[in-house]
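First up is the structure itself, then whatever we jot down about it.
When a ligand or atom number is given, it counts from 1 through the structure's own listing order. Given the structure is predicted, the values throughout are model-derived calculations rather than measurements.
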Amino acid sequence: MAKVAVYPGSFDPVTTGHLDIIRRTSNIFDEVIVAVFVNPNKNPLFTREERVEMLEEVLKDFNNVMVDDFAGLLTEYLKEQDGDVIVRGLRAVSDFESEFQMASMNKKLAPEIETLFMMTNTKYAYLSSSAVKEVASFGGCIEELVPEYVIDKLIKRLKKEDK
Ligand code: COD
């Protein structure tokens, strides 16, 4: 039976650290769904459609990776998609506490679904979407921090040139 992994996140925007986790996950599982969470309580820099579009573009060469979005509970989304495993990336000890809480809650909600943690590539251990947005907002160089396709979009959005 094909094993389906779901890699959920905000991806606001996708970074090189996310891409590294997706690439490594796609080498392990038959199918990977990168699932953009639509959070009604947050005001992301990029819309749901924009985050999905950027991911689709940068992942177009991966045959077993698809991009989707979801609202509501992650565990319900996995059940709808016949997903087996939730994949999360771990950067530092500081990630552990919130990830442990999230994985435990998801286990309580759906005991049949496992959470798999993938250690960050040390090259990207410092990388997060919010750090990239902060660096870009002050004019810092974001090459290699986000995919080439995202650089212009991020700079324009922060300067509000695309609105
Ligand atoms: N290296 C390795 N991993 C990384 C890196 C990096 N440089 N950067 C990010 N990651 C990992 C993160 O650790 C995370 O695992 C993943 O990539 C996505 O990161 P983000 O920041 O884009 O996404 P999050 O952490 O904001 O996503 C949170 C969810 C949307 C998954 C979560 O809020 C959720 O499941 N919401 C649905 C509601 C729900 O079911 N709630 C109950 C559970 S408590």
Side-chain angles (χ1 to χ4, degrees), residues 4-29 32-59 62 65-81 83-136 140-147 149-151 153-154 157:
V4 179
V6 174
Y7 180 47
S10 310
F11 306 111
D12 187 37
V14 56
T15 69
T16 316
H18 292 133
L19 280 192
D20 183 66
I21 297 285
I22 297 167
R23 182 186 53 75
R24 288 158 58 201
T25 304
S26 77
N27 288 335
I28 299 172
F29 289 93
V32 181
I33 303 174
V34 180
V36 176
F37 180 49
V38 184
N39 189 343
N41 304 317
K42 271 199 182 167
N43 196 9
L45 186 63
F46 291 101
T47 65
R48 160 217 306 239
E49 291 79 10
E50 287 167 337
R51 286 177 283 157
V52 168
E53 191 271 331
M54 284 188 277
L55 279 160
E56 280 175 343
E57 175 60 30
V58 300
L59 296 171
F62 290 79
V65 178
M66 64 163 276
V67 183
D68 194 11
D69 58 47
F70 75 104
L73 284 178
L74 176 60
T75 45
E76 290 305 310
Y77 177 74
L78 262 92
K79 288 177 198 169
E80 279 163 29
Q81 300 297 323
D84 302 291
V85 169
I86 297 166
V87 172
R88 299 286 290 165
L90 272 186
R91 282 160 294 192
V93 180
S94 51
D95 275 349
F96 180 81
E97 200 173 335
S98 57
E99 291 295 340
F100 180 66
Q101 193 181 20
M102 205 186 295
S104 305
M105 180 61 83
N106 287 333
K107 196 76 190 160
K108 169 91 183 122
L109 294 170
E112 70 282 12
I113 297 171
E114 293 295 344
T115 299
L116 184 91
F117 293 101
M118 201 169 277
M119 291 306 297
T120 184
N121 184 323
T122 46
K123 277 198 294 193
Y124 306 126
Y126 61 92
L127 200 49
S128 69
S129 298
S130 33
V132 170
K133 284 183 277 195
E134 184 161 321
V135 169
C141 175
I142 53 168
E143 262 170 45
E144 293 174 20
L145 306 185
V146 293
Y149 184 72
V150 174
I151 294 178
K153 290 183 186 293
L154 180 52
R157 175 57 48 89

Handout entry: CE/Met119: more than 12 non-hydrogen atoms of other groups inside 6.0 Å
Key = yes
Practice task
For the residue pair Leu154 and Leu45, establish whether any side-chain heavy-atom pair is separated by less than 4.5 Å.
Solution key: yes
Handout entry: Best match, Pro8, Ser130, Ser128: closest heavy atom to atom 18 (C) of ligand 1
Key = Pro8
Completion exercise
of all protein heavy atoms, closest to atom 19 (O) of ligand 1 is His18 NE2, 3.5 Å
Exercise for the section: Mark yes when over 12 heavy atoms from residues, nucleotides or ligands other than Glu56 sit less than 6.0 Å from its CD; otherwise mark no. Expected result: yes
Handout entry: Shortest reach to atom 35 (O) of ligand 1 by a heavy atom, considering only Thr122, Val38, Leu74
Key = Leu74
Practice task
Give a yes or no answer on whether the side chain of Thr16 reaches the backbone of Glu144 with a donor-acceptor pair at less than 3.5 Å.
Solution key: yes
Problem - N or O contact, Tyr124 vs ligand 1, cut-off under 3.5 Å - result: yes
Problem - Asn106 N/O to ligand 1 N/O under 3.5 Å - result: no
Handout entry: Over 12 non-hydrogen atoms of neighbours within 6.0 angstrom of CZ in Phe100
Key = no
Completion exercise
protein heavy-atom neighbour closest to atom 12 (C) of ligand 1 works out as Gly89 O, 3.8 Å
Practice task
Could you tell me the residue and atom name of the protein heavy atom closest to atom 17 (O) of ligand 1, and the distance to it rounded to 0.1 Å?
Solution key: Tyr7 OH, 2.5 Å
Problem - Interfacing atoms of ligand 1 (cut-off 4.0 Å, heavy-atom, Ile21) - result: 2 (C), 3 (N)
Exercise for the section: Just need the protein heavy atom nearest to atom 41 (N) of ligand 1, so name the residue and atom and give the distance. Expected result: Leu73 CD2, 4.0 Å
Practice task
Any atoms of ligand 1 less than 4.0 Å from a non-hydrogen atom of Leu127? List them with their elements.
Solution key: 5 (C), 6 (C), 7 (N), 8 (N)
Problem - Heteroatom proximity flag, Phe11 to ligand 1, N/O under 3.5 Å - result: yes
Handout entry: Pick from Gly17, Ser10, Ala71: the one approaching atom 20 (P) of ligand 1 most closely through a non-hydrogen atom
Key = Ser10
Practice task
Please identify each residue that fulfils ring pair (Phe, Tyr, Trp, His ring centres under 6.0 Å) with Phe46, with sequence neighbours left out.
Solution key: none
Handout entry: Nearest protein heavy atom with distance in Å, relative to atom 32 (C) of ligand 1
Key = Met102 SD, 4.0 Å
Problem - Audit row: Asp12, Lys133, salt bridge (charged side-chain N to carboxylate O under 4.0 Å, His left out) steps and yes/no - result: CA-CA 9 Å; Asp12 187 37; Lys133 284 183 277 195; 3.0 Å; yes
Practice task
Heavy atoms only: give me the nearest Val14-Val146 pair and the separation to one decimal.
Solution key: O-CG1, 3.7 Å
Exercise for the section: Please say whether Phe70 places an N or O atom under 3.5 Å from an N or O atom belonging to ligand 1. Expected result: no
Practice task
Could you tell me whether Glu143 atom CD has more than 12 heavy atoms of other residues or ligands within 6.0 Å of it?
Solution key: no
Problem - Whether over 12 other heavy atoms sit under 6.0 Å from Lys123 NZ - result: no
Handout entry: Partners meeting side chain to side chain contact (heavy atoms under 4.5 Å, CB included) with Asn39 (sequence neighbours left out)
Key = Phe37, Asn41, Lys42
Practice task
Identify the protein heavy atom lying closest to atom 38 (C) of ligand 1, giving its residue, its atom name and the separation to 0.1 Å.
Solution key: Gly72 O, 3.5 Å
Problem - Any N or O of Arg88 closer than 3.5 Å to N or O of ligand 1 - result: yes
Handout entry: Asp12 N/O to ligand 1 N/O under 3.5 Å
Key = no
Exercise for the section: Give the residue, atom name and distance (to 0.1 Å) of the protein heavy atom nearest atom 5 (C) of ligand 1. Expected result: Arg91 CD, 3.6 Å
Exercise for the section: Check the pair Arg157 / Glu50 against salt bridge (charged side-chain N to carboxylate O under 4.0 Å, His left out), numbers first and verdict last. Expected result: CA-CA 11 Å; Arg157 175 57 48 89; Glu50 287 167 337; 2.7 Å; yes
Practice task
Using heavy-atom distances, let me know which of Val34, Leu145, Thr120, Asn121 sits nearest atom 1 (N) of ligand 1.
Solution key: Thr120
